[in-house]
Amino acid sequence: MFKKRYIERYILGALLPYAVLALFILTFILLAQQFSRFAEIMGAARAPLTLAFEVTTHLLPSVLIFTIPMAMLVGTATGFCRLGSDSELTAMRAAGVGTWRVITPVLALGLLISLWALHVAFVVAPSSAVALR
């Protein structure tokens, strides 16, 4: 029998927008800081715009190593804070929803995000660093 997973989807729906927003903001800030090191060199050499795009593309994996885990942390903390402040966690507990049912989707998402971050750190970032040099 197909089980409906409304609670799990609701919890992930509460966390994911904050995590994605944090990922974009943190990545933009760190990428701008890293790109500023190369901007002076490329500006003095009058490098074409395609080279600037290529440098940005190769800098992105080294930035994502830091921003992926931080975005998950910010998204989880902010999402559960919102659920708690709206008394939705209390309502779930009163309705008989167990703690494991609340944290299981977050743990599964965290595992997927961790695997993605490990792939970026050990596969994508080293090859991008070699290409950047």
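Values in this document were obtained by computation on a predicted structure and should not be read as measured data.
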Checklist line | Least distance between heavy atoms, Leu15 atom then Phe80 atom | finding: CD2-N, 3.7 Å

Check: Looking at Ala125 and Ser62, what are the two nearest heavy atoms and their distance?
Finding: CB-N, 4.5 Å

Checklist line | Pairs flagged by side-chain hydrogen bond (donor to acceptor under 3.5 Å, both in side chains) wherever residues 78-92 is involved - sequence neighbours left out | finding: Tyr10-Glu88, Arg82-Asp86

Margin query: Is there a side-chain contact (heavy atoms from CB on, under 4.5 Å) between Val63 and Gln33? Walk through the geometry before answering.
Written below: CA-CA 10 Å; Val63 169; Gln33 187 266 335; over 6 Å; no

Note to self: If hydrophobic clusters are built from ILVMFWY residues whose side chains come within less than 4.5 Å, do Leu31 and Ile25 share one?
What the structure shows: no

Check: Under the side-chain hydrogen bond (donor to acceptor under 3.5 Å, both in side chains) test, which residues partner Arg101, sequence neighbours left out?
Finding: Glu8

Checklist line | Gap between atom CG of Leu107 and atom CG of Leu112 - 0.5 Å precision | finding: 11.0 Å

Next item on the list: Any chance you could pull the hydrophobic cluster mates of Met70, using side-chain heavy atoms under 4.5 angstrom and chaining through other members?
Entry: Leu26, Leu73

Next item on the list: Mind checking side-chain hydrogen bond (donor to acceptor under 3.5 Å, both in side chains) for Ser128 and listing every partner two or more places apart, or none if nothing turns up?
Entry: none

Next item on the list: May I have all residue pairs that pass side-chain hydrogen bond (donor to acceptor under 3.5 Å, both in side chains) and include part of residues 12-28, sequence neighbours excluded?
Entry: Thr27-Thr67

Next item on the list: Give a yes or no on whether Leu16 and Phe24 share a hydrophobic cluster (residues Ile, Leu, Val, Met, Phe, Trp, Tyr; joining criterion: side-chain heavy atoms under 4.5 Å apart).
Entry: no

Next item on the list: Considering only Ile, Leu, Val, Met, Phe, Trp and Tyr, and joining two whenever side-chain heavy atoms are under 4.5 Å apart, list the other residues clustered with Val74.
Entry: none

Item checked: Ala19: side chain to side chain contact (heavy atoms under 4.5 Å, CB included) partners, not counting sequence neighbours -> none

Notebook entry, point to check: Apart from Val130 itself, what residues make up its hydrophobic cluster when side-chain heavy atoms of I, L, V, M, F, W and Y under 4.5 Å apart count as a link, directly or indirectly?
Noted result: none

Next item on the list: Apply side-chain hydrogen bond (donor to acceptor under 3.5 Å, both in side chains) to Thr99 and list each qualifying residue two or more places apart in sequence or on a separate chain.
Entry: Arg93

Item checked: Any pair counted as salt bridge (charged side-chain N to carboxylate O under 4.0 Å, His left out), so long as it reaches residues 105-132, sequence neighbours left out -> none

Side-chain donor-acceptor pairs under 3.5 Å in residues 115-124, sequence neighbours left out?
none

Checklist line | Approximate separation, where rounding is to 0.5 Å, of Ile11 CD1 and Thr104 OG1 | finding: 9.0 Å

Checklist line | Other cluster members, Phe28 - Ile/Leu/Val/Met/Phe/Trp/Tyr, side-chain contacts below 4.5 Å | finding: none

Margin query: Do Leu89 and Val97 sit in one hydrophobic cluster, given that two such residues count as connected whenever their side-chain heavy atoms are within less than 4.5 Å of each other, even indirectly?
Written below: yes

